[in-house]
Amino acid sequence: MLHEIPDQSGILKSLTKWHGIAHRPEDVPALVHEAFVQLRSGHPRPVAIELPPDVLQAKGVTKVLPCAEFNRLEPQPDTIDEAAAILAQAKFPVIQLGGGAAASGAGKAIQALAERLQAPVVMTDGARGLLDDNHPLALTSLGGRAVFPHADVIVAVGTRFIDGIAKPTHASGDTRYVYVNVDAGAAGAPRTPGCLVLSDATAAAEALLAALPSEVRASSSDKIGKVKAWSASQTDAIQPQTDYVRAIRSSMAKDDILVSELTQVGYFSNIAFPVHAANSYVTPGYQGTLGYGFNTALGAAHGNPDRRVVSLNGDGGFGWGMQELATLARDGCNMSVVVFVDGHYGNVRRIQQRTFGDTFAVELANPDFAHLASAFGLPFEKVDSPSGLHDALVRAKDSKGPALIAVSVSEMPSPWALIHPFVPSPVVPPANPLGEPLA
């Protein structure tokens, strides 16, 4: 009526898991009910309901329907038996977790399975915190580079198991694969064929644990400890990002929520920020959505009023949603907004310089952040060091309310070779701590 969009229903159908449109007021309860059925079953994806203005203005007699139940996809017994037989024979199995495992809340079940198998658990960005990073079997994707080449079985749980350029996370004819996913496509090409367990991650992990022999396996903690040290030796060399990550982590409680963004310290945090609780680390994921962080952090703060949220931003990404400081001020969220200010779209500048030897339109015209905070009546601090950021975050935490912290930084070294294996490393990586596998 106000905005004419050709084939609006078709557009919504192409963007969502399920779509419905109400033609009468009586249609609305069933549509809302079905929308939540779809949300709470299978692959969690967005749904859409269209409510035309004439339907909203009409009246009708309807029924109130019960709440939609969560419908967990249970695995077929034969696929569990097949997967359990593969794992029972495995000498060095490795588990990789993705966002589907996090959406399922599979942390406890996966930890029990991993401990039974003594299998290292490699967590992608979307699965960080399902195992506490202090757990002796917990690894980031960087640690995965050391264990995958030695794995005789890899169990990919709730993950697409492909990298940022659509190549398999690991491919070897000497490795057997078990794919646990609600989407059968997550086991298809270009991945190496394997056993597909079409299932919710928690249900599959529980079923596998029950099907496995109860034998006590030799501990893998020493091996994985070497991989953890190997990973840390590489991340610790990236400065000042390492010191900033440590400053942020040391100011936060175990279950405080960090919402990251596409910014230099944010990229680095995917492999170097210690995560100790499920649902406490949120990233833009593989989509690479600039401007995602601050707005998402507001959602996390409103959805978790009893938990503190730290929003990690660059000045470029923050500019997409800085007007929402009005929401932060209005609602008084317990949220610390950190903005790293270098005056550039830093990653775009780096790519342009590397590719073309020159840069174009990467400079930012930033506001005066002190005046910006003052305009909304928000507490503000400006710092220029990791220790300064730590102290400002502690003060913001003690205030139990909103705060804006601007961190003046210069251009930072690239961590990308540690984040994505397809990015060439500027230095020779240290040798695999488990030994270089035979070709």
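Being a predicted model, the structure only gives us computed values, none of them experimental. Nothing fancy with the numbering, it's 1 onward along the sequence.
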Neighbour count >12 (heavy atoms, 6.0 Å) for atom [atom1], [X]:
{"X": "Arg176", "atom1": "CZ", "answer": "no"}
{"X": "Glu69", "atom1": "CD", "answer": "no"}
{"X": "Arg217", "atom1": "CZ", "answer": "yes"}
{"X": "Phe422", "atom1": "CZ", "answer": "yes"}

Pairs involving residues 391-407, ordered by first then second residue, that meet side-chain hydrogen bond (donor to acceptor under 3.5 Å, both in side chains) (sequence neighbours left out): Glu381-Arg395
Would you mind reporting whether [Y] and [X] have side-chain heavy atoms less than 4.5 Å apart?
{"X": "Val337", "Y": "Phe380", "answer": "no"}
{"X": "Leu262", "Y": "Tyr292", "answer": "no"}
{"X": "Cys333", "Y": "Leu328", "answer": "yes"}
{"X": "Leu137", "Y": "Ser220", "answer": "yes"}
{"X": "Ile49", "Y": "Val28", "answer": "no"}
{"X": "Asp200", "Y": "Glu74", "answer": "no"}
{"X": "Tyr177", "Y": "His170", "answer": "yes"}
{"X": "Gln241", "Y": "Tyr267", "answer": "no"}

As a quick check of understanding, evaluate salt bridge (Lys or Arg N to Asp or Glu O under 4.0 Å) for Asp133 and Arg249, giving each step before the final call. CA-CA 12 Å; Asp133 277 335; Arg249 177 72 269 181; over 6 Å; no
For [X] versus [Y], what's the shortest heavy-atom pair and its separation?
{"X": "Phe273", "Y": "Met252", "result": "CZ-SD, 3.9 Å"}
{"X": "Pro75", "Y": "Ala203", "result": "CD-CB, 3.9 Å"}
{"X": "Ala278", "Y": "Leu130", "result": "CB-CD2, 4.3 Å"}
{"X": "Val180", "Y": "Ser199", "result": "CG1-O, 4.1 Å"}
{"X": "Thr202", "Y": "Ala106", "result": "OG1-CA, 3.3 Å"}
{"X": "Ile271", "Y": "Ser141", "result": "CG2-OG, 3.7 Å"}

Taking [Y]'s backbone N and O only, do any of them form a donor-acceptor pair with [X]'s side chain (distance below 3.5 Å, no angle check)?
{"X": "Thr62", "Y": "Glu26", "answer": "no"}
{"X": "Thr159", "Y": "Phe161", "answer": "yes"}
{"X": "Asn313", "Y": "Ser311", "answer": "yes"}
{"X": "Ser231", "Y": "Val227", "answer": "yes"}
{"X": "His302", "Y": "Leu298", "answer": "yes"}
{"X": "Thr175", "Y": "Asp152", "answer": "no"}
{"X": "Arg40", "Y": "Ala68", "answer": "yes"}
{"X": "Arg191", "Y": "Arg160", "answer": "yes"}
{"X": "His276", "Y": "Asp255", "answer": "no"}
{"X": "Ser374", "Y": "Ala370", "answer": "no"}

Ignoring hydrogens and geometry beyond distance, is a side-chain donor-acceptor pair present between [X] and [Y] at under 3.5 Å?
{"X": "Glu324", "Y": "Thr327", "answer": "yes"}
{"X": "Arg145", "Y": "Gln234", "answer": "no"}
{"X": "Trp416", "Y": "Asn347", "answer": "yes"}
{"X": "Glu115", "Y": "His135", "answer": "yes"}
{"X": "Tyr281", "Y": "Asp125", "answer": "no"}

Set out, in order, the CA-CA distance, both residues' side-chain angles and the distance that settles side-chain contact (heavy atoms from CB on, under 4.5 Å) for Glu411 and Gln264, then state yes or no. CA-CA 9 Å; Glu411 188 171 359; Gln264 299 307 309; over 6 Å; no
State the [atom1]-[atom2] distance between [X] and [Y], to the nearest 0.5 angstrom.
{"X": "Leu51", "Y": "Asp54", "atom1": "CG", "atom2": "CG", "result": "10.5 Å"}
{"X": "Asp315", "Y": "Asn366", "atom1": "CG", "atom2": "CG", "result": "4.5 Å"}
{"X": "Ser269", "Y": "Leu258", "atom1": "OG", "atom2": "CG", "result": "6.0 Å"}
{"X": "His33", "Y": "Phe36", "atom1": "NE2", "atom2": "CZ", "result": "11.0 Å"}
{"X": "Asn181", "Y": "His43", "atom1": "CG", "atom2": "NE2", "result": "7.0 Å"}
{"X": "Leu39", "Y": "Phe70", "atom1": "CG", "atom2": "CZ", "result": "9.0 Å"}

Checking side chain to side chain contact (heavy atoms under 4.5 Å, CB included) between Leu389 and each of Val409, Val338, Val265, which is the one that passes? Val338
Of Met123, Lys228, Arg128, which meets side chain to side chain contact (heavy atoms under 4.5 Å, CB included) against Thr140? Arg128
Audit row: His390, Leu393, side-chain contact (heavy atoms from CB on, under 4.5 Å) steps and yes/no: CA-CA 5 Å; His390 171 271; Leu393 282 169; 5.9 Å; no
Go through Thr192 and Ser172 one step at a time and tell me if the side-chain contact (heavy atoms from CB on, under 4.5 Å) criterion holds. CA-CA 8 Å; Thr192 303; Ser172 171; over 6 Å; no
Does the gap between the ring centers of Phe340 and Tyr244 come in under 6.0 Å? yes
Tyr345 and Leu290: side-chain contact (heavy atoms from CB on, under 4.5 Å), yes or no, with the steps? CA-CA 10 Å; Tyr345 287 117; Leu290 184 65; 3.8 Å; yes
